[in-house]
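Single-structure report; data block below.
No experiment lies behind these values; they were computed from the predicted model shown. Each chain gets a letter, A, B and so on, in the order its sequence line appears, and its residues count up from 1.
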2 protein chains.
Amino acid sequence: MAKSDTKSETVRSPRVPKRTSSASRPARRPASAKTETPYHHGALREALLQAAERVLERDGLAGLTLRAVAREAGVSHAAPTHHFGDLTGLVSELAAIGFRQFNAAMASACDSATTPLSRALARPKAYVAYAQAHPGMYGLMFRTERLDYARPSLHEAAESSFAGLANAIGAMRQEQISGDALTLDQGAAIARAWSMVHGFTMLLLDGRLEDILERLPAGTTAEQLLEAILKSTLATKFPA
Amino acid sequence: MAKSDTKSETVRSPRVPKRTSSASRPARRPASAKTETPYHHGALREALLQAAERVLERDGLAGLTLRAVAREAGVSHAAPTHHFGDLTGLVSELAAIGFRQFNAAMASACDSATTPLSRALARPKAYVAYAQAHPGMYGLMFRTERLDYARPSLHEAAESSFAGLANAIGAMRQEQISGDALTLDQGAAIARAWSMVHGFTMLLLDGRLEDILERLPAGTTAEQLLEAILKSTLATKFPA
DNA sequence: GCGAAATCTTTACACTGTCAATATTGCGTC
DNA sequence: GACGCAATATTGACAGTGTAAAGATTTCGC
């Protein structure tokens, strides 16, 4: 299965045309048999993205390579290049998918909230829950330097995610958050909420909250710790 | 300067002993001339760590490779292996240095605070300031999966950093934080402070706060945004 | 002084991203 | 339907990476 690519040939082949027009390959594909893998995949771009997500969640960020994705999808190692340009392209498109998944999860969580307090808690809890359910994706979205935000799909998905956050903060403050200008108070409220939830998520995924969790009363979960944090933060708004 | 290592030799050399005892090398080193680079470096380990920090801050995390560090230090590409085992080892030792630098900066910042409010603000501000001054180091310490916390130097330095945070929170709550057990309230306070500052720092370094900053009144800096966040958080403790 | 251990270099190999050249197929146009 | 071109996929090559093994050199303990 393509274990070694560079065979270090004895002589540097001087680009001889060879002209092996489908007769040199012994019997790889009997000329348009639908059951065999055709030369043209048909929907390789989507297949590659799905393969990439599988590889990411299975092998982590370090295992997410162009060649690994190509292997997972069963195509040659250079096939992804044609669809995504380079690794940055593939990673950026996958991150855009992650942001859309994430946005959908957040919207769904907000819908199912009833009381004001539960509305205030639903969003951050869903945030952390998404990251725990898709740690690879969350890491791809937030800890990769290799993202190209100039790509429209990624830019739009990330922008939409930010807008959702800003709107939620605005609703909690009972203000209309304008798209153009923010007061320092508004900006601070948004940055504070985002920083706290993002920071908590990163520390949790990195295992750095273990030191705290194991010192808490036995059996305390990360979710309970998060809820305690949120309630202490919201204490002024929702006095017990 | 060792531009290409794998020359793809024509014939696979079958390990012939060759016996070239210092006569085959023409005149590389005239037998113990102190001005020339000696075979034994003497303090290569420290030199490698300093070279690694230079490479990290110059070329970023992606540029921090074993071979790049070796080039920077002027030794062969496999020299670091002997001192650090593998890339994880080098990166972990460098991260330990980062944590010690960081701890020193935090301690210094706390000393120079006078009023209770300034004491409460000094630590997070110094935290963000360190990350901005050493973005490569901070990224190494907090966004690398390739850290081996089993290494005593790294474990100890990171532990000390956490202890400093816990003590600062305890002082603010006017409680004695025990090393063994925490109440849920205490754990939540520590995790909340750490999450917020860490999250703010990561978002800032990643440029994700730009969307907010450019919507704030013209000229607002990240430091001012941070201060607004901190003051709103501390409003209950230090009413204006 | 001498052998052993520590240190550093050399060599090799599997893996990676990326580019160039080639092969194959689909599709619009006659 | 046949032709030609563009899109798609493969093959091959190359520079770079980490890492392991083996050789060269120096230092150190005795």
Side-chain angles (χ1 to χ4, degrees), chain A residues 1-9 11-25 28-29 31-32 36-45 47-48 59 62-71 73-91 146, chain B residues 1-9 11-25 28-29 31-32 37-45 47-48 62-71 73-91 146:
Chain A
M1 199 193 283
K3 262 304 180 60
S4 69
D5 292 310
T6 69
K7 276 288 180 13
S8 109
E9 298 189 336
V11 68
R12 204 66 58 84
S13 72
R15 188 58 61 195
V16 41
K18 274 206 293 187
R19 274 283 47 184
T20 68
S21 65
S22 82
S24 71
R25 291 203 207 165
R28 186 174 162 251
R29 192 167 27 80
S32 83
E36 298 291 330
T37 61
Y39 194 99
H40 279 50
H41 185 284
L44 183 53
R45 191 190 145 92
L48 284 171
D59 303 329
L64 184 63
T65 69
L66 278 178
R67 289 168 113 105
V69 171
R71 280 195 298 271
V75 292
S76 76
H77 70 263
T81 297
H82 189 267
H83 291 276
F84 302 102
D86 55 5
L87 181 59
T88 298
L90 172 60
V91 157
R146 201 151 187 174
Chain B
M1 200 195 283
K3 263 304 181 59
S4 68
D5 291 309
T6 69
K7 275 287 179 12
S8 113
E9 299 189 337
V11 68
R12 205 64 60 84
S13 72
R15 184 61 57 197
V16 40
K18 274 203 296 186
R19 273 282 46 182
T20 69
S21 63
S22 81
S24 72
R25 291 203 207 164
R28 187 175 161 249
R29 191 167 29 81
S32 83
T37 62
Y39 195 98
H40 279 49
H41 184 285
L44 183 54
R45 191 191 146 92
L48 285 171
L64 184 64
T65 68
L66 276 179
R67 289 167 113 105
V69 171
R71 279 195 298 270
V75 292
S76 78
H77 71 262
T81 297
H82 189 267
H83 290 276
F84 302 102
D86 55 6
L87 181 60
T88 298
L90 172 60
V91 158
R146 202 151 185 172

* Which atom names give the shortest non-hydrogen contact between B:Leu48 and B:Val69, and what distance separates them? -> O-CG1, 3.5 Å
* Partners meeting salt bridge (Lys or Arg N to Asp or Glu O under 4.0 Å) with B:Arg146 (sequence neighbours left out) -> none
* Asked: If you check the A:Val75 side chain, which of D:dT17, D:dT10, D:dT19 turns out closest?
  -> D:dT10
* Quick one: list whatever passes side chain to side chain contact (heavy atoms under 4.5 Å, CB included) with A:Ala78, sequence neighbours left out. => none
* Go through D:dT19, D:dA9, C:dG17 for me and flag the one nearest to the A:Ala79 side chain. => D:dA9
* To do: Could you check which of D:dG18, C:dT18, C:dT16 has an atom nearest any side-chain atom of B:Leu66?
  => D:dG18
* To do: Report yes if a side-chain nitrogen or oxygen of B:His77 is closer than 4.0 Å to either non-bridging phosphate oxygen (OP1 or OP2) of C:dT11; otherwise report no.
  => no
* Asked: Below 3.5 Å, does any donor atom in the side chain of B:Arg67 face an acceptor in the base of D:dG16, or the other way round?
  -> no
* Asked: Separation of B:Arg71 atom CZ from D:dG18 atom C1', in whole Å?
  -> 13 Å
* Whole angstrom is fine here: how far is it from CG in A:Leu90 over to C1' in C:dT16? => 14 Å
* Asked: Between atom CZ in B:Phe84 and atom P in D:dA20, what is the gap in whole Å?
  -> 16 Å
* Rounded to 10 degrees, the angle between the two terminal axes of the helix from C:dG1-D:dC30 to C:dC30-D:dG1, each from five pairs -> 0°
* Asked: To the nearest angstrom, how far is B:Leu44 atom CG from D:dT26 atom P?
  -> 16 Å
* Can you check the B:His83 NE2 to C:dT9 C1' distance for me, whole Å? -> 12 Å
* Could you pull out the closest heavy-atom pair between B:Phe84 and B:Leu90, with the gap in Å? => CB-N, 3.5 Å
* Asked: For B:Leu87 and C:dC15, what is the distance between atoms CG and P respectively, to the nearest whole Å?
  -> 18 Å
* Which of these nucleotides, D:dA21, D:dT8, C:dT18, is closest to any side-chain atom of A:His82? -> D:dT8
* Asked: So what does A:Arg45 hit on the nucleic acid, given a heavy-atom distance under 4.0 Å: a base, only sugar-phosphate, or nothing?
  -> nothing
* **Derivation and outcome, side chain to side chain contact (heavy atoms under 4.5 Å, CB included), residues B:Leu87 and B:Thr65** => CA-CA 7 Å; B:Leu87 181 60; B:Thr65 68; 5.8 Å; no
* Structure fact -> Of all heavy-atom pairs linking B:Leu44 and B:Ala79, the shortest is CD2-CB, 4.0 Å
* Over all atoms of both residues, closest heavy-atom pair of A:Leu66 and A:Pro80 -> CD2-CB, 3.8 Å
* Options D:dT11, C:dT10, C:dC8, nucleotide nearest the side-chain atoms of A:Ser76 -> D:dT11
* Asked: Does a side-chain N or O from A:Thr81 land closer than 4.0 Å to OP1 or OP2 of C:dT18, or not?
  -> no
